[in-house]
Amino acid sequence: MLEIGLWALAIALMAIGVAGTVLPVLPGAVLIFAGAVLGAWIDDWNRVSVWTLAALAALALASVAVDILSAAFGAKRTGASPTAVTGAAIGTLVGIFTGLWGLLFMPLLGAAIGEYYAQRNLESAGRVGVATGIGILIGTALKIAIAFTMIGIFIAALLI
């Protein structure tokens with residue numbers, strides 16, 4: 001009976017982790033990794049190897065990096081100034097602590113403010129802000145892909 005409860009917890013962690021890939025309050029990939037570690041422990045490390053968990057840990061770290069860098073990369077692709085790229089990164093970090101709207105708009109605002117500060121050109125600042133938003137959307141798509149890859153690797157390890 002305890003084992004069923006633990007498996008339910010592992011699955012719940014992974015499901016909440018999938019939601020966390022788009023919700024800023026939840027650390028999506030970290031929760032998926034925690035569910036995989038719990039599942040490996042429940043299985044007494046028989047089918048999910050340390051190498052599998054290491055790969056999942058690397059993917060979780062990649063997801064965190066994508067979260068932080070996607071906004072800055074979007075700004076950089078438009079030829080934004082280094083100040084705008086820094087503003088996007090700072091906006092992302094601030095946005096993590098300010099909820100969904102903060103995570104969506106703080107990177108854009110940070111990039112736009114950084115670009116305006118560097119160039120004193122409102123049109124350029126707006127273009128950089130939009131490009132930052134596009135970078136965030138691409139980053140979210142990558143995080144979702146990483147999350148489902150992590151779950152797929154875990155399930156494959158259990159079944160093979």
Side-chain angles (χ1 to χ4, degrees), residues 9-40 48 50-156:
L9 178 59
I11 292 168
L13 284 170
M14 290 185 184
I16 294 168
V18 169
T21 60
V22 293
L23 298 174
V25 178
L26 302 171
V30 174
L31 290 172
I32 293 169
F33 179 70
V37 170
L38 179 58
V48 181
V50 172
W51 293 108
T52 301
L53 290 176
L56 294 178
L59 286 170
L61 289 173
S63 180
V64 171
V66 163
D67 203 18
I68 292 171
L69 298 176
S70 62
F73 182 73
K76 186 73 173 166
R77 294 288 295 168
T78 62
S81 68
T83 307
V85 174
T86 302
I90 291 170
T92 301
L93 290 174
V94 171
I96 289 171
F97 300 106
T98 58
L100 179 60
W101 293 110
L103 191 60
L104 291 175
F105 295 110
M106 290 303 286
L108 284 70
L109 185 61
I113 289 171
E115 185 68 11
Y116 185 77
Y117 177 77
Q119 303 295 327
R120 301 283 190 231
N121 182 332
L122 195 55
E123 182 181 331
S124 174
R127 186 177 62 250
V128 167
V130 169
T132 302
I134 292 168
I136 290 170
L137 289 175
I138 292 169
T140 300
L142 285 171
K143 288 186 335 178
I144 291 169
I146 290 170
F148 283 108
T149 300
M150 290 174 70
I151 293 169
I153 289 170
F154 178 74
I155 291 171

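These numbers come from the heavy atoms of this one structure, side chains and all, not from hydrogens, waters or symmetry mates.
In this structure, L142 CG and L69 CG are separated by 11.0 Å, a value rounded to the nearest 0.5 Å. Between atom CD1 of residue I146 and atom CG of residue L59 there is a gap of 6.5 Å, rounded to the nearest 0.5 Å. Here OG1 of T21 is found 7.0 Å from CZ of F148. Values are rounded to the nearest 0.5 Å. With rounding to the nearest 0.5 Å, the separation of CZ in F33 from CE in M14 is 10.0 Å. The distance from atom CG of L31 to atom CG of L38, rounded to the nearest 0.5 Å, is 12.0 Å.
Exactly one residue among V37, L53, L56 makes a side chain to side chain contact (heavy atoms under 4.5 Å, CB included) with V48. That residue is L53.
Heavy-atom minimum distance, A84 versus V128: CB-CG1, 4.0 Å. Between A29 and M150, the shortest heavy-atom contact is O-CE, 3.6 Å. Here the shortest heavy-atom pairing between G91 and M106 reads O-CB, 3.1 Å. Residues A10 and G35 come closest through the heavy atom pair CB-O, 3.6 Å. Nearest heavy-atom pair, A147 versus I32, reported as atom, atom and distance to 0.1 Å: CB-CD1, 3.5 Å.
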(message) Working note: T83 + T86, criterion side-chain contact (heavy atoms from CB on, under 4.5 Å); need CA distance, chi angles, decisive distance, verdict.
(response) CA-CA 5 Å; T83 307; T86 302; 5.7 Å; no

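More than 12 heavy atoms of other residues, nucleotides or ligands sit less than 6.0 Å from atom CG of L137.
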